[in-house]
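What follows is a short report on a single structure.
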Amino acid sequence: MNKRIISILSLMLILGAGSLFAIGIGAQAGYVAGPNYSNGALTFKLDSTPWVFALNVDGMSNHYLGIGLTADRWIANKTIERPLAYYYGWGLAGSFVSVDDQYTSVFLGARALIGINAFLVDKFLELYAQVAWQPGIVINLNGNNGMYLDAISFPVNVGFRFWI
């Protein structure tokens, strides 16, 4: 009898702990003004932390590989009028690009961002739009060797996240 009660209590504890936090998983698409290219990414956020992550991998041809990662820390996410809110924060960005083994570069930068979001369908679906300023350093690993400052990079994204 005691084993059965302990098992039931353990199961209730495990199931109850699953609702202590929520995970937001989604996708975004956008355009980066300055370098002038479009991108898409998968996004991930835990509701218990202020960090939002985005990962994109672009290898649509045999001659090109691009991998990018951003980590944005929201300072605030304030309601304008339910369900609409705005957020702002800062972050870090990095990417790797290789074209035909003739050009390879790494980008490391910082981000300042602002956006709007809305939680719909009983907070199951989040829609958002954001813009960031993303200055950083580009390091050319071959081809045009050297490094330079890229201060004119403005990603603009729209996306969604499902919260489970």
key: L55 CG to I67 CD1 distance, which is reported to the nearest 0.5 Å   = 8.0 Å

remark   = Contacts of F107 meeting ring-ring contact (aromatic ring centres under 6.0 Å, His included) (sequence neighbours excluded), chain-then-number -> none

inquiry  = Tell me whether N140 contacts the main-chain N or O of S105 through its side chain, where contact means a donor paired with an acceptor under 3.5 Å.
reply    = no

ask   = Closest approach of A85 and T79, non-hydrogen atoms and distance?
value = CB-CA, 3.9 Å

query = Which atom names give the shortest non-hydrogen contact between I25 and I164, and what distance separates them?
reply = CD1-CD1, 4.4 Å

Over all atoms of both residues, closest heavy-atom pair of L92 and D72 = N-OD1, 4.5 Å

remark   = Excluding Y128, membership of its hydrophobic cluster (Ile, Leu, Val, Met, Phe, Trp, Tyr; side-chain heavy atoms within less than 4.5 Å) reads V52, W74, Y87, L113

ask   = By side chain to side chain contact (heavy atoms under 4.5 Å, CB included), which residues pair with Y37, not counting sequence neighbours?
value = V32, P35, N39

Donor-acceptor pair, side chain of W90 and main chain of I75, under 3.5 angstrom = no

task = Quick one: list whatever passes side chain to side chain contact (heavy atoms under 4.5 Å, CB included) with A129, sequence neighbours left out.
result = I116, V158

query = F162, V121: one ILVMFWY side-chain cluster at the under-4.5 Å cut-off?
reply = yes

query = When rounded to the nearest 0.5 angstrom, what distance separates CD1 in I139 from OG1 in T104?
reply = 12.5 Å

task = Could you walk me through whether K78 and Y86 pass the side chain to side chain contact (heavy atoms under 4.5 Å, CB included) test, one step at a time?
result = CA-CA 6 Å; K78 304 207 181 242; Y86 72 94; 3.6 Å; yes

message = Between N157 (side chain only) and Q28 (backbone N and O only), is there a donor and an acceptor less than 3.5 Å apart?
response = no

task = To the nearest 0.5 Å, tell me how far K123 NZ sits from D47 CG.
result = 9.5 Å

request  = Verify side chain to side chain contact (heavy atoms under 4.5 Å, CB included) between L141 and Y103, making sure each step is shown before the conclusion.
outcome  = CA-CA 7 Å; L141 302 176; Y103 174 78; over 6 Å; no

query = Which atoms form the tightest heavy-atom contact between A93 and R111, and what is the distance?
reply = CB-CD, 3.8 Å

inquiry  = Quick check on the hydrophobic clustering: are L125 and L42 connected, directly or via other members, by side-chain heavy-atom contacts under 4.5 Å?
reply    = no

request  = Output the distance between atom CZ (R73) and atom OG1 (T49), rounded to the nearest 0.5 Å.
outcome  = 9.0 Å

query = When clusters are formed from ILVMFWY side-chain contacts under 4.5 Å, directly or step by step, what else is grouped with W163?
reply = F119

Any donor-acceptor pair under 3.5 Å from D150 side chain to P135 backbone = no

query = For F96, what residues pass the ring-ring contact (aromatic ring centres under 6.0 Å, His included) criterion, not counting sequence neighbours?
reply = none

